[in-house]
Protein chains: 2
Amino acid sequence: MQQALTRKLESFEPLSDQARWALNGLVLKVRQVEARQDLIQEGDKPDNVLLILDGFACRYKVLPDGQRQIMALLVPGDFCDLNVFILDEMDHSIGTISTCQVVDIPRRAIDEITVHHPSIARAFWWCSLVDGAVLREWLVNIGGRAPVQRIAHLLCELLMRLEAVGRVTDNSYTFPLTQTEIADTMGLSDVHVNRTLRELRALGLIHLKHRVLTILDVERLKAFCLFTPNYLHLRNTRWGERRALNWPGRAQEG
Amino acid sequence: MQQALTRKLESFEPLSDQARWALNGLVLKVRQVEARQDLIQEGDKPDNVLLILDGFACRYKVLPDGQRQIMALLVPGDFCDLNVFILDEMDHSIGTISTCQVVDIPRRAIDEITVHHPSIARAFWWCSLVDGAVLREWLVNIGGRAPVQRIAHLLCELLMRLEAVGRVTDNSYTFPLTQTEIADTMGLSDVHVNRTLRELRALGLIHLKHRVLTILDVERLKAFCLFTPNYLHLRNTRWGERRALNWPGRAQEG
DNA sequence: CGGGCCGTTGACCTGGATCAAATGGAGTGG
DNA sequence: CCACTCCATTTGATCCAGGTCAACGGCCCG
């Protein structure tokens, strides 16, 4: 099941057998971590790269007033910062949401594999660029979209990201966030998340029960929140068709 | 004046004379660009790296409904993505806010300088990691902070970033954004931005007129929005003292 | 002098936060 | 098997921060 990473990287570009084999070599000591545990805390100086093999984790910060903001969701195949070493210390924490399987990859192993396999180096770069793109889209999401489309957008994004690592069947995937966690992610109150989910259910767009989310009508959900997948920069998946979906107007000139 | 980049990189770690000289070599054909022009548009496939020498630019997206979201401000010394080449196409646009001086650095020049100067390669890495950190902080800002502190936080951040490239004198810097642009940045309405600025003025925290911002009481403004500069990862500036400012509680354990 | 852009202000109204309480399910222990 | 606890979800009621609409004023520039 740890081919999540390989599979994800191959949605960027195909890898040679050697490269795939080298990637498997990164996965040595797999750790099982309970839900709601910190993997790294703000202020730490990590000396390993973390790779999520299974489960959901998140980057988050807690403001002095207790307000917690989740800034990213990490799903199977996701790294937390391939180059953290360069920074003095973590400026945010990373914690598990569900039970996770995690690998600690020593810095040196990353260095070696990227030296020996330029294709992997490129693919790793791609990962961090995509992470940035996702982050920007989240900013757009929170800053610009109404709560219903905001949540719908998150669900669409996760559908595609999880699809890319083979965690989706019949438009349905495990979605372990509590409503409060969704609230902390989307900058909403938990009460309002509840009502918004109800609305999405009433619209016949989703079904969410017992931590399993089913998207009842993918195309309608995407249209509903004007989801444009370009920012995920997928190439080789069946989702990655290069087309301008829902892209009427261009930026106005000054 | 183009030592903005050098100066910024040296707030990460000192550079040798050779490295500094090589950096200057990157700056060849400087372009002057009017305010409100696109430097790169969504969908483009850029073949140069852009470096801002002077002026303000921004990353933005325009949603199908016309809503515009600014996702980052680029100030002197800022790059737009050192590795865009890896991606198929831009997923957002970059446009100038004020008149800007911009350099187009060919991909090859970047490759060469990083090969010959590992310290610069590290420093470039640091840049992109900091960009990511800033982006995350913006997410926290929009998702978690009330409008007044949100704007105050932006002003604090800019103070420090501009300070790092020598664009601040007497706690005062050029701030070319219109109120509408601030609104598009902060996920607020322009009317409310206006009132919020008035509030900050009334509190005696800032003075903003004719595109020049003066922070009347830096410490009070920082305290006001609970500004924590750790995410900027500055080391060698007088702001970069390594201390846990305003950091009472730790993340709770599950 | 006139037009356009930007900032400012007032009036109104609504979306979403907040508070509070009830329901339901999963686990635990008697 | 039932009682009890702990949490997440659900729902109702209330309130206000901030969006929306509209008008005006100032400034720059042609």
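Every chain is numbered from 1, with letters handed out A, B, ... down the list of sequences. What's counted below: heavy atoms across the whole structure, side chains too, no hydrogens, waters or symmetry copies.
Within the 4.0 Å cut-off from OP1 or OP2 of C:dG7, not a single side-chain nitrogen or oxygen of B:Arg201 is found. At D:dG18, none of the side-chain N or O atoms of B:Arg150 fall inside 4.0 Å of OP1 or OP2 (strictly under the cut-off). Phosphate proximity of C:dA17 to A:Arg195: absent, as no side-chain N or O sits under 4.0 Å from OP1 or OP2. Residue B:Arg211 has no polar side-chain atom (N or O) positioned under 4.0 Å from OP1 or OP2 of D:dC28. Side-chain N/O atoms of A:Arg198 include one lying less than 4.0 angstrom from OP1 or OP2 on D:dT11. Dashed line: the shortest gap from a side-chain N or O of A:Asn194 to OP1 or OP2 of D:dT10 is under 4.0 Å.
Side-chain contact of B:Asn194 with B:Gln179: a donor-acceptor pair under 3.5 Å is present, judged by distance alone. Remark: the B:Asp44 side chain and the B:Gln41 side chain contain no N/O donor-acceptor pair separated by less than 3.5 Å.
Residue B:Asp78 is tested with B:Arg167, B:Arg161, B:Arg59 for a salt bridge (Lys or Arg N to Asp or Glu O under 4.0 Å); the sole match is B:Arg161.
The distance between atom CG of B:Asp184 and atom C1' of D:dG19, rounded to the nearest whole Å, is 14 Å.
Side chain of A:Arg198 to main chain of A:Thr196: no donor-acceptor pair is present (N/O by atom type, distance under 3.5 Å, no hydrogens or angles).
Heavy-atom nearest nucleotides on DNA chain C were determined for B:Leu197 and for A:His192, and the one closer to the 5' end corresponds to B:Leu197.
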